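Take a look at the structure set out below.
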2 protein chains.
Amino acid sequence: MTFPTDRIGDTSGRDPAASSGGPGLPRRISTGQILRAAETVFASSGFGGATMAAIADAASLPKANLHYYFGSKEALYRAVLEDILSTWLADADVWIVAERTAREGLEGYIRAKMAWNRSRAEASRIFAGEMLAGGAHIKHFLNVELRAHVTRMETVFAHWIAAGAMRPISTQHLLFCIWAMTQSYADFAPQMESVLGRTDGLEAVDYALGCETILSLVLGGSGAVAVAGTYR
Amino acid sequence: MTFPTDRIGDTSGRDPAASSGGPGLPRRISTGQILRAAETVFASSGFGGATMAAIADAASLPKANLHYYFGSKEALYRAVLEDILSTWLADADVWIVAERTAREGLEGYIRAKMAWNRSRAEASRIFAGEMLAGGAHIKHFLNVELRAHVTRMETVFAHWIAAGAMRPISTQHLLFCIWAMTQSYADFAPQMESVLGRTDGLEAVDYALGCETILSLVLGGSGAVAVAGTYR
DNA sequence: GTCTATAGTAAGATAGAC
DNA sequence: GTCTATCTTACTATAGAC
């Protein structure tokens, strides 16, 4: 993917701060501040609702600096998305691999996804918001990277199913379900807080119980673990 | 809940169109046009990204009419939300009732939720967007109506669990999972389209297979139906 | 009730001093 | 590289003719 942040290279040779702490240090500090602030503001207001002024305030920098580093609101948004997408696929490569058992792989993947959505709730919300808006900014990611990623995972699932470690269910839709359930603990937190009576955000026990519930459904429903007892 | 649309009553006696097809007919026609257009625009752009001009265009009406009927963008948004929330709770009262079996109730509820999310995908996206933004506009719905609704459903689940028709899992989190999975077929459609290689929207078979997958996980994972065969 | 024209304001973006 | 001041546009909202 190519993003406006690529123009970082354009300034070589005219960075006066390069002598005070390493090459492009102030730039890295400022862009980092801006990206973090932008993630917070885009997460709570959406792309349309966010303003450069609000992001500048959150970053404790003048508005002009945002344009200096990122060019436009649109470009800043793309840079934030880029940051998010680069970590979105990581967990699967660790857990959904043929060397693991179905149970171990699915459990590890779900726990990793839950942890990601909890620690990067704002990133999760930006990703969700982009999807709600049609995903136009991340079409390449969805059509190329994500699709290849899923194709690879499917071969592992096929292996597990052939080995009798999983029921023959649609592994594409299984993934959609896992993503939906884990993401909802970031994206739909207000709903959960109301239902659970939490006035100060979800608590550790909520994430834990949520994770166990998701594991019950996925592992039990996919046949990766036997459901204890007789129910009907 | 009280919303600006309540001022519909304020105009009694000064509606010149009352004589051409019933009381307030033009008003009902215009407000209906506006609400439908607003749902489309708010769904694809979010509250902040939507503009009154875009909604007016979609409704084929001048911008001023929107303000005449709804007062402000904020009030129009609340009216749209009100419209959505009034139908969100309906399915549970039909399906999650003690007179049904766990299997029948859960299956009917999930199928109904899938149908709602498919037929009212834009409404689903607005609801999701509102949640991403923190849910400030629907706090009363979440804290009062939804919470009471869940409390009632929990008594039915407790009944099913006591009867040995379901495993003793967290029924609150079970609901979160069901909502997350069914909603994602509206909210995350772009992601699914990319993975499934659909260039022209999700197809009927996708919703059907998604529904079966969710049913497998929920019914199998909750113990409401036995998982056929031996897997491990 | 409907619509055009416009007021008033807020937002994205830039110029230019330092 | 940083920041203040400002340009320009686009938006919400309203006034007032019809």
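Being a predicted model, the structure only gives us computed values, none of them experimental. All chains are named by letter (A, B, ...) in the order of the sequence lines, taking the proteins before the strands, and each is independently numbered beginning at 1.
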*Taking 4.0 angstrom as the limit, do A:Arg78 and A:Glu82 come out as a salt bridge?*
no
_Under 4.0 Å protein heavy-atom contacts per nucleotide of nucleotides 2-14 of chain C, with B for base, S for backbone only and - for none_ = BBB------SBBB
*Which residue pairs pass the side chain to side chain donor-acceptor pair (under 3.5 Å) test when at least one of the two sits in residues 53-66 of chain A, sequence neighbours left out?*
none
*Once you round it to whole Å, what is the distance between C1' of D:dG1 and CZ of A:Phe70?*
14 Å
*Output, in order, the C-alpha distance, side-chain angles, deciding distance and verdict of salt bridge (Lys or Arg N to Asp or Glu O under 4.0 Å) for A:Glu212 and A:Arg111.*
CA-CA 9 Å; A:Glu212 294 314 309; A:Arg111 289 193 189 280; 3.3 Å; yes
*asked:* If I take atom CG in residue B:Leu66 and atom C1' in nucleotide D:dC11, what distance separates them, rounded to the nearest angstrom?
replied: 13 Å
*Residues in salt bridge (Lys or Arg N to Asp or Glu O under 4.0 Å) contact with B:Arg120, at least two apart in sequence or another chain*: B:Glu39
*Determine, for B:Glu193 against A:Arg147, whether the closest basic-nitrogen to carboxylate-oxygen distance falls under 4.0 angstrom.*
no
